[in-house]
Undergrad: 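Can you keep this structure in mind? I'll have questions shortly.
Just so you know, ligand 1 is whichever comes first in the structure, and atom 1 is the first atom listed for that ligand. Remember, it's a predicted structure, so these values are computed and weren't measured experimentally.
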Amino acid sequence: MSAAGRKKGHITVPHIRERKGADPIVSLTAYSAPMASLLDPHIDLFIVGDSVGMVFYGMDSTLGVTLEMMIGHGAAVVRGSEKACVVVDMPFGSYQESESQAFRNAAKVMQETGCDAVKLEGGMEMADTIAFLTARGIPVMGHVGLMPQSVNTLGGYRARGRGKAEATKIISDARTIEDAGVFSIVVEGVVEPLARKVTNAVAVPTIGIGASAECDGQVLVTEDMVGLFNDFTPSFVKRYGELGSLVAKAAEAYGKDVRARRFPAAEHCFKVKNNNS
Ligand code: KIV
């Protein structure tokens, strides 16, 4: 399968890279073409996150997400967006084994979705892989702090970097992956002073999620932001809409109409053209 590719004039990886310390970068997740086309005029950057596993497929972590799922959703978001830069997450198990495994799978994601870049989780342990990919034409966004793919080794989804040793490690992770060539870094689930230190420590933009306003940009999971995912809402999420209750109300009204035979009404039916039809 080959990808449609990005439209001319869209926001590119170098544009995002140049936004360090400038206007905040506005980012949201998307997994589908219709959602991407609604969001695209209002944002700079899509992250097609492996959060799709929990938000879209009802999994209880991101670990079960496959490369094929990410390619399907990544290609849909590329088709639905004109302006924003599109970054697709590399799922768990698709890049950690070796540099060549990471290159093969990242190249497949780039070729089959037409996205601008890939994102992978990890600090210094992923530096050689990041250097390998970026030297071979694959732009990489990093991801430090709370890394959901490491939920089993981190022991849960708690905020990271409250202790000195953990904070120092996160800053040095960010510096190391910057040296390896990332163009931007997602900083997830860290306290404000650490978000500030990480942002000041690197020359590439930081994109925060649950990491305070000290980052160069912000990302939220769209379904959290618009009230379409109600299994749990992290405390750092601000709800800008309540679409979940609108959908439920619409379904309730539809059900009542169907049961009362009010739907479909005459205007929803095909018209009879002549006596025989
Ligand atoms: O999977 C995801 O949604 C993410 C967010 C931090 C963007 O990685």
Side-chain angles (χ1 to χ4, degrees), residues 16 24-32 35-36 39 43-67 69-74 76-77 81 84-96 106 109 113 115-123 126 130 139-151 154 157-161 170 173-174 177 182-190 195 198-199 204-212 215-226 228-229 231-238:
I16 297 293
I25 296 163
V26 182
S27 179
L28 284 168
T29 61
Y31 318 123
S32 74
M35 186 62 93
L39 305 176
I43 70 167
D44 304 307
L45 173 70
F46 281 112
I47 299 182
V48 186
D50 61 355
S51 51
V52 70
M54 299 168 84
V55 173
F56 191 90
Y57 290 97
M59 297 173 170
D60 59 9
S61 79
T62 59
L63 300 184
V65 175
T66 63
L67 199 64
M69 287 176 184
M70 293 314 303
I71 289 172
H73 290 284
V77 170
S81 66
C85 187
V86 179
V87 176
V88 177
D89 251 347
M90 297 295 293
F92 179 67
S94 70
Y95 61 94
Q96 291 92 340
V109 169
T113 67
C115 69
D116 295 283
V118 298
K119 172 166 86 60
L120 53 86
E121 295 180 11
M126 291 314 304
I130 292 167
V140 179
M141 174 179 272
H143 185 149
V144 300
L146 172 53
M147 296 181 286
Q149 291 179 13
S150 301
V151 60
L154 296 178
Y157 294 103
R158 68 169 176 79
R160 316 303 301 176
I170 291 170
D173 276 342
I177 62 172
V182 296
F183 69 94
S184 174
I185 303 174
V186 166
V187 181
E188 178 163 359
V190 305
V198 171
T199 299
V204 294
T206 54
I207 314 285
I209 176 161
S212 84
C215 297
D216 296 298
Q218 295 295 324
V219 62
L220 281 177
V221 170
T222 296
E223 281 73 3
D224 286 340
M225 195 268 293
V226 299
L228 273 175
F229 181 69
D231 286 5
F232 58 88
T233 306
S235 58
F236 57 79
V237 169
K238 179 170 173 185

Undergrad: Should you measure from each heavy atom of Gly49, which atoms of ligand 1 turn up under 4.0 Å away?
TA: 1 (O), 2 (C), 3 (O)
Undergrad: Closer than 4.0 Å to some heavy atom of His143 - which atoms of ligand 1 meet that?
TA: 6 (C), 8 (O)
Undergrad: Between ligand 1 and Tyr31, is the shortest N or O to N or O distance under 3.5 Å?
TA: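 No.
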Undergrad: Provide the closest heavy-atom pair for Gly123 versus Ile177 in the form atom of the first, atom of the second, distance.
TA: O-CG2, 3.5 Å
Undergrad: Rounded to the nearest 0.5 Å, how far does CD1 of Ile209 lie from OG of Ser51?
TA: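 One gets 7.5 Å once the value is rounded to the nearest 0.5 Å.
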Undergrad: How about Tyr95 and Glu121: do any of their side-chain heavy atoms sit closer than 4.5 Å?
TA: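 Yes. Closest side-chain heavy atoms under 4.5 Å.
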Undergrad: Report, in ascending order of atom number, the atoms of ligand 1 lying under 4.0 Å from any heavy atom of Thr29.
TA: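 Answer for ligand 1: 3 (O), 7 (C).
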Undergrad: Show the nearest heavy-atom pair for residues Met54 and Asp60, with the distance to one decimal.
TA: CE-O, 3.6 Å
Undergrad: What residue and heavy atom of the protein are closest to atom 2 (C) of ligand 1, and at what distance?
TA: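 For atom 2 (C) of ligand 1, the nearest protein heavy atom comes out as Ser51 OG, 3.3 Å.
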Undergrad: What part of Ile47, side chain from CB on, backbone N/CA/C/O, both or neither, has a heavy atom under 4.0 Å from ligand 1?
TA: side chain
Undergrad: Looking only at heavy atoms, what is the nearest atom pair of Ala76 and Tyr31, with distance?
TA: CB-O, 4.2 Å
Undergrad: Give the residue, atom name and distance (to 0.1 Å) of the protein heavy atom nearest atom 8 (O) of ligand 1.
TA: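 Checked against all protein heavy atoms, atom 8 (O) of ligand 1 sits closest to Lys119 NZ, 2.8 Å.
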Undergrad: Using every non-hydrogen atom in the two residues, find where Val204 and Val182 come nearest and quote the distance to one decimal.
TA: CG1-O, 3.4 Å
Undergrad: Please could you name the atoms of ligand 1 that Ile209 approaches to less than 4.0 Å, counting only its heavy atoms?
TA: 6 (C)
Undergrad: Ser27 side chain to Leu45 main-chain N or O, any donor-acceptor pair under 3.5 Å?
TA: yes
Undergrad: Counting heavy atoms only, which part of Asp89 comes closer than 4.0 Å to ligand 1: side chain, backbone, both or neither?
TA: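 The side chain, only.
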Undergrad: Backbone or side chain, does any N or O of Glu188 fall under 3.5 Å from an N or O of ligand 1?
TA: no
